[in-house]
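What you see is a predicted model; the values in this text were computed from it and never measured. Just so you know, ligand 1 is whichever comes first in the structure, and atom 1 is the first atom listed for that ligand.
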Amino acid sequence: MPQKIILDVDTGIDDSLAMLYLLASPEAELLGIAATAGNVPAAQVAANTLAVLDLGRAPEIEVALGAAEPLAVPLRTTEDTHGLQGLGYAVLPLSPRALSARSAAQLWVELARAHPGEAIGLCTGPLTNLALALRIEPELPRLLRRLVIMGGAFNHPGNTTPTNEWNVHVDPEAAKEVFDAFSAAPPDRRPVVCALDVTETIEMRTEHLEQLARAAGSTPHEPIGPADLLEWRSAATNPIVRYLTDAVRFYFDFHHQYELGYLAHMHDPFAAAVALDPALATTRPATVDVELTGTLTRATTVADWAGMWGREPNADIVIGADPALFFERLVTRVGALARRLYPEQP
Ligand code: BDR
Ligand code: CA
């Protein structure tokens, strides 16, 4: 059964891999993509998103530009994490395709209304567009079949401040509006939240890239590591493998620089996999709210697991996953996509 997806991204290295995962998944039908400001400004996110769609030889999937700024604060971007253009060391050709005439918020609303009870929302960036869409259509929680969000940190340190996860940090007001909007949603419509607690266990390593290159039939074998020169670029025969090597190597270098090891946390591809197959994650209901006023803790996500606030749960937080199973799926699917789209010439 096709899984209709509305994707909201701030492409972004791991967002791009989430997109390739969806393109590689036969059950996924991408209805449209909203570009949100986050890792890089919204216009750059939109350009990156179109370029990744071109790389994945995707059909004409609509890409709509999101708001340039978060709801209440100036935009903060993170080129040190994702590279100047947002795709690590990779540079993709500019897409000849145009952006949608509608805004990202309109895209959310109109697609959800056109497919009532069928579309799965997947957010891998700040929640600005979705919050704006909820202001237009407060029934979105009931119109969507499911919502999966990458964001937040609960029983886990932040990756942006001691308690903040990046996507919520960029637009905390939007995150709060989204969680508040789901407070009246029926249990089967509660957002599934992939927070750092679990996404930081999704550690991509060089061997995963090597397995993917093999699955794609790409040559030559390119073992990468922290000693590689900054200016080194992949010469892989397969364009998807070439792209991923250059993009993900930057992400490896970033994590390595912060003494996390030569690895990269694949937050967004994991959320994409959960959107298509919720069985990949174990969840626990909780009432989630976002701190907006703390002097040290603004933009912190707080989970009330025990009902102490006396409010119904408004989220299902992912508390467990099988990283090995996820990576097997990622490598197999994206490797097969790369091989199918760019077969080696004999
Ligand atoms: C999130 O922040 C972004 O930099 C990543 O793309 C991911 O969505 C992780 O905190
Ligand atoms: Ca992201």
Side-chain angles (χ1 to χ4, degrees), residues 5-22 33-42 44-49 52 63 66 70 75-88 90 104 121-130 147-154 156-172 174-175 178 191-204 244 247-248 250-255 257-258 260 263-275 290 299-301 317-318 321 326 330:
I5 306 276
I6 305 172
L7 178 62
D8 199 319
V9 283
D10 64 335
T11 324
I13 297 169
D14 57 333
D15 301 78
S16 75
L17 196 41
M19 288 175 61
L20 290 171
Y21 183 87
L22 293 173
I33 306 181
T36 185
N39 291 323
V40 287
Q44 186 64 51
V45 167
N48 292 348
T49 303
V52 173
V63 177
L75 176 65
R76 179 181 169 189
T77 55
T78 184
E79 284 78 4
D80 60 329
T81 316
H82 291 269
L84 215 55
Q85 294 179 16
L87 301 177
L122 169 61
C123 298
T124 64
L127 294 170
T128 318
N129 298 328
L130 181 54
L147 176 65
V148 176
I149 294 172
M150 190 286 127
F154 296 97
H156 195 86
N159 62 357
T160 307
T161 74
T163 59
N164 282 191
E165 180 280 328
W166 171 258
N167 290 336
V168 176
H169 176 87
V170 170
D171 197 341
V178 169
V192 175
V193 182
C194 304
L196 295 182
D197 308 51
V198 162
T199 63
E200 288 199 351
T201 69
I202 311 295
E203 296 179 342
M204 188 168 195
L244 284 177
V248 175
F250 187 98
Y251 222 24
F252 285 155
D253 284 349
F254 169 79
H255 287 74
Q257 195 185 319
Y258 282 89
L260 297 163
L263 54 83
H265 296 140
M266 282 297 153
H267 315 276
D268 297 346
F270 173 72
V274 170
V290 182
T300 299
T301 44
I317 299 177
V318 177
F326 162 74
L330 179 86

Between the protein and ligand 1, which nitrogen or oxygen pairs come in under 3.5 Å, and how far apart is each?
from: ligand 1; atom 1: 4 (O); to: N39; atom 2: OD1; distance (Å): 2.7
from: ligand 1; atom 1: 4 (O); to: H82; atom 2: NE2; distance (Å): 2.8
from: ligand 1; atom 1: 6 (O); to: D14; atom 2: OD1; distance (Å): 2.5
from: ligand 1; atom 1: 6 (O); to: D14; atom 2: OD2; distance (Å): 3.3
from: ligand 1; atom 1: 6 (O); to: D15; atom 2: OD1; distance (Å): 3.1
from: ligand 1; atom 1: 6 (O); to: N39; atom 2: ND2; distance (Å): 3.3
from: ligand 1; atom 1: 6 (O); to: D268; atom 2: OD2; distance (Å): 3.0
from: ligand 1; atom 1: 8 (O); to: T124; atom 2: O; distance (Å): 3.0
from: ligand 1; atom 1: 8 (O); to: N167; atom 2: ND2; distance (Å): 3.1
from: ligand 1; atom 1: 8 (O); to: D268; atom 2: OD1; distance (Å): 2.7
from: ligand 1; atom 1: 8 (O); to: D268; atom 2: OD2; distance (Å): 3.0
from: ligand 1; atom 1: 10 (O); to: N159; atom 2: ND2; distance (Å): 2.8
from: ligand 1; atom 1: 10 (O); to: E165; atom 2: OE2; distance (Å): 2.5

(message) Consider side chain to side chain contact (heavy atoms under 4.5 Å, CB included). Of V9, V318, N167, V192, which one does M150 pass it with?
(response) N167
(request) Please assess D15 against T124 for the test side-chain hydrogen bond (donor to acceptor under 3.5 Å, both in side chains), listing each intermediate value before the final yes or no. (result) CA-CA 7 Å; D15 301 78; T124 64; 2.7 Å; yes
(request) Any chance you could measure T36, atom OG1, to L127, atom CG, to the nearest 0.5 Å? (result) 8.0 Å
(request) State yes or no: are the ring centers of Y258 and F254 separated by less than 6.0 Å? (result) yes
(message) Distance check, rounded to the nearest 0.5 Å: E200 atom CD versus H255 atom NE2?
(response) 7.0 Å
(request) Compare every heavy atom of A37 with every heavy atom of V170, then report the nearest pair and how far apart it is. (result) CG1-O, 4.4 Å
(request) Measuring from the Ca ion (ligand 2), count protein N/O/S atoms under 3.0 Å, please. (result) 5
(message) Run N164 and H169 through side-chain hydrogen bond (donor to acceptor under 3.5 Å, both in side chains) and show every step you take.
(response) CA-CA 6 Å; N164 282 191; H169 176 87; 2.7 Å; yes
(request) Mind checking the NE2-CG spacing from H156 to L196? Nearest 0.5 Å is all I need. (result) 5.5 Å
(request) Kindly say whether the aromatic ring centers of F270 and H265 come within a distance under 6.0 Å. (result) no
